[in-house]
Amino acid sequence: MAGPKAVDFEDFLPTMADKLGGEGFIGELCNGFQLLMDSDKGVITFESLKRNSALLGLQGLRDDELLSMLREGDVDGDGALNQMEFCVLMLRLSPDLMEDSQLWLEEALQHELMNDA
């Protein structure tokens, strides 16, 4: 008898977005960021990603795969992911959400601006 089919993390993003709406979905992405970030630095580093990746079911990833994830999302080139870079990366990794990514990005930016005000 075959075991259960493995489901990629990204498969859950469209469902989460539908159920939570824009603001709720962005809030959950922010919670994911908080779980993975280095609390002293306020960003996701390689070390914090490696240490905390099991919390999101990513414990099977090799070091080179974790580094590749960081590089792919690291827009400013500092070797780490800030909250915005993490949220954008999560959207980019989900093909089903790519169509709506502009809307999510605008909502994330509004959310960020409201928190800074």
*Asks:* Would you be so kind as to tabulate the donor-acceptor pairs closer than 3.5 Å made by side chains of residues 25-39, with sequence neighbours excluded?
*Replies:*
| residue | atom | partner | partner atom | Å |
| --- | --- | --- | --- | --- |
| E28 | OE2 | N31 | ND2 | 3.3 |
| D38 | OD1 | D40 | N | 2.8 |
| D38 | OD1 | K41 | N | 3.1 |

*Asks:* Is it true that a side-chain atom of N52 and a backbone atom of S48 form a donor plus acceptor pair closer than 3.5 Å?
*Replies:*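 The answer is yes, because a donor-acceptor pair under 3.5 Å joins these two groups.
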*Asks:* Side-chain atoms of residues 75-85: list all donor-acceptor pairs with protein atoms under 3.5 Å, sequence neighbours left out, distances to 0.1 Å.
*Replies:*
| residue | atom | partner | partner atom | Å |
| --- | --- | --- | --- | --- |
| D76 | OD1 | D78 | N | 3.2 |
| D78 | OD1 | A80 | N | 3.0 |
| N82 | OD1 | M84 | N | 3.1 |
| N82 | OD1 | E85 | N | 2.8 |
| E85 | OE1 | N82 | N | 2.9 |
| E85 | OE2 | V75 | N | 2.8 |
| E85 | OE2 | D76 | N | 3.0 |

*Asks:* What distance do E72 atom CD and L67 atom CG have between them, rounded to the nearest 0.5 Å?
*Replies:*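 Between atom CD of E72 and atom CG of L67 there are 13.0 Å.
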*Asks:* What distance separates R71 CZ from D64 CG, expressed to the nearest 0.5 Å?
*Replies:* 8.0 Å
*Asks:* Hey, what do you get for CD (E112) to CG (N115), rounding to the nearest 0.5 Å?
*Replies:* 6.5 Å
*Asks:* With the threshold set at 4.0 Å, does a side-chain nitrogen-carboxylate oxygen contact exist between K50 and E47?
*Replies:*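 No salt bridge links K50 with E47.
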*Asks:* Do F86 and V43 come within less than 4.5 Å of each other through their side chains, counting heavy atoms only?
*Replies:*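 A side-chain contact under 4.5 Å is absent here.
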